Participant: 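Shown below is the structure under consideration.
Not measured: the values here are computed from a predicted model. Residue indices begin at 1 and follow the sequence shown.
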Amino acid sequence: MDRPAGSGGGRPERDEVRDPVRERRRGQGELEAEVLAALRAAPGPARTAWVQEQLGGSLAHTTVITILTRLLAKGAVTRERAGRSFVWTPVADEAGLAALRMRRVLDGESDREAVLARFVTALPPGDERLLRELLERAQEPEG
């Protein structure tokens, strides 16, 4: 007796297998933000395994190390040797990480003035006003 593909006996068809981890993909930077949040919640410098546990333990140890290493390259975390491994400390929060990404994009462009001009003219009025206020505050002498 012939059976339709994917019905009964044998291995399920590829599209029948549901992997909940793969069903929801994280947005760009979301995992980095989660790792930073875990590090900020730590009572001190944290080991990779501790970070992995705080993220629910569903990520591979090597994935967590990769994210931490990327954050290190971006200047968002520091690390120091602790025995045979490292402990990690956050330097930047989510806003700081976003600012680092924006700076990296700007640094990669040859015409900074044009990029900044386009960025500012594309801002909604409220954001433009906020940016002006922040620039004015940055120019004020500390007192």
Side-chain angles (χ1 to χ4, degrees), residues 4-143:
S7 66
R11 303 177 110 201
E13 292 294 314
R14 179 177 286 269
D15 59 0
E16 289 182 44
V17 178
R18 301 202 84 165
D19 183 354
V21 174
R22 290 185 181 203
E23 282 186 25
R24 185 191 156 326
R25 293 266 186 212
R26 288 177 173 87
Q28 183 178 7
E30 189 177 344
L31 187 54
E32 290 178 351
E34 290 176 23
V35 168
L36 277 176
L39 284 174
R40 284 194 313 274
R47 294 186 181 278
T48 305
W50 185 89
V51 174
Q52 180 185 21
E53 184 180 303
Q54 299 307 300
L55 298 173
S58 62
L59 295 172
H61 187 79
T62 53
T63 301
V64 178
I65 290 172
T66 298
I67 297 301
L68 287 165
T69 303
R70 287 179 184 165
L71 289 169
L72 179 67
K74 294 175 180 181
V77 300
T78 60
R79 74 175 181 192
E80 61 184 71
R81 178 95 35 207
R84 291 176 30 197
S85 61
F86 292 102
V87 289
W88 305 84
T89 305
V91 173
D93 56 9
E94 277 188 65
L97 184 57
L100 287 168
R101 284 194 300 263
M102 292 167 63
R103 176 68 187 265
R104 194 170 65 240
V105 168
L106 184 60
D107 287 346
E109 297 298 322
S110 59
D111 191 348
R112 294 173 75 89
E113 183 177 345
V115 172
L116 286 170
R118 293 273 173 95
F119 176 76
V120 171
T121 57
L123 289 173
D127 287 348
E128 186 177 341
R129 194 170 29 261
L130 176 60
L131 181 58
R132 289 182 193 283
E133 291 171 12
L134 292 169
L135 289 170
E136 287 173 14
R137 273 192 249 158
Q139 291 177 352
E140 292 175 0
E142 292 184 29

Participant: Can you tell me how far CG of Leu116 sits from CG of Asp111, rounded to the nearest 0.5 angstrom?
Facilitator: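 Rounded to the nearest 0.5 Å, the CG-CG separation comes to 9.5 Å.
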
Participant: Please confirm whether the backbone N or O of Thr121 pairs with a side-chain atom of Arg118, one donor and one acceptor, at under 3.5 Å?
Facilitator: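 It does not hold such a pair.
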
Participant: Given side-chain contact (heavy atoms from CB on, under 4.5 Å), test Leu55 with Gln52 step by step and report yes or no.
Facilitator: CA-CA 5 Å; Leu55 298 173; Gln52 180 185 21; 5.9 Å; no

Participant: Atom CZ of Arg79 and atom OG1 of Thr69: how far apart are they, to the nearest 0.5 Å?
Facilitator: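 Between Arg79 CZ and Thr69 OG1, I get 6.0 Å after rounding to 0.5 Å.
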
Participant: When rounded to the nearest 0.5 angstrom, what distance separates CE in Met102 from CG in Asp107?
Facilitator: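 The CG atom of Asp107 is 12.0 Å from CE of Met102, to the nearest 0.5 Å.
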
Participant: With sequence neighbours left out, what residues match Glu32 under side chain to side chain contact (heavy atoms under 4.5 Å, CB included)?
Facilitator: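 Glu32 satisfies side chain to side chain contact (heavy atoms under 4.5 Å, CB included) with Ile67, Arg70, Leu71, Lys74, Leu97, Arg101 only.
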
Participant: In Å and rounded to the nearest 0.5 Å, what is the CD to CG distance from Glu136 to Leu131?
Facilitator: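 Those atoms lie 10.0 Å apart.
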
Participant: Could you tell me the separation between the CZ atom of Arg47 and the CD atom of Glu53, rounded to the nearest 0.5 Å?
Facilitator: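 Reported to 0.5 Å precision, the distance equals 13.5 Å.
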
Participant: Holding to side chain to side chain contact (heavy atoms under 4.5 Å, CB included), I want the full list of residues that pass it with Arg132, two or more places apart in sequence or in another chain.
Facilitator: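 Scan of Arg132 (side chain to side chain contact (heavy atoms under 4.5 Å, CB included), adjacent residues dropped) gives Glu128.
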
Participant: Measure across Leu100 and Gly75 and return the closest heavy-atom pair with its distance rounded to 0.1 Å.
Facilitator: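 In this case the closest contact between Leu100 and Gly75 is CD1-C, 4.1 Å.
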
Participant: When you compare the side chain of Leu39 with that of Leu68, does any pair of heavy atoms fall below 4.5 Å?
Facilitator: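 Counting from C-beta outward, Leu68 and Leu39 do come under 4.5 Å.
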
Participant: Between Ala76 and Leu36, what is the shortest heavy-atom contact and its length?
Facilitator: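 Smallest interatomic distance, heavy atoms only, reads O-CD2, 3.9 Å.
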
Participant: State whether Phe86 and Arg81 meet the cation-pi test: NZ (Lys) or CZ (Arg) under 6.0 Å from the six-membered ring centroid, and within 45° of the perpendicular axis.
Facilitator: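 That pair qualifies as a cation-pi contact.
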
Participant: Which pair of heavy atoms, one from Trp50 and one from Ala41, lies closest together, and at what distance?
Facilitator: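 Taking every non-hydrogen atom into account, CH2-C, 4.2 Å.
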
Participant: Heavy-atom distance under 4.5 Å between the side chains of Val51 and Gln54, does that happen here?
Facilitator: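 Not in contact.
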
Participant: Would you name the heavy atoms of Leu59 and Thr63 that are closest together and state the gap between them?
Facilitator: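 Distance-wise, the nearest heavy atoms are CD2-CG2, 4.3 Å.
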
Participant: If you compare all heavy atoms of Pro90 against all heavy atoms of Val77, which two are closest, and at what distance to 0.1 Å?
Facilitator: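 In this case the closest contact between Pro90 and Val77 is CA-CG1, 4.1 Å.
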
Participant: Please find the pair of heavy atoms, one from His61 and one from Thr48, that lie closest to each other, and give the distance.
Facilitator: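 The pair with the smallest heavy-atom distance is CE1-CG2, 3.5 Å.
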
Participant: Nearest 0.5 Å, what's the CG-CG distance between Asp127 and Leu134?
Facilitator: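 Asp127 atom CG to Leu134 atom CG measures 10.0 Å (nearest 0.5 Å).
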
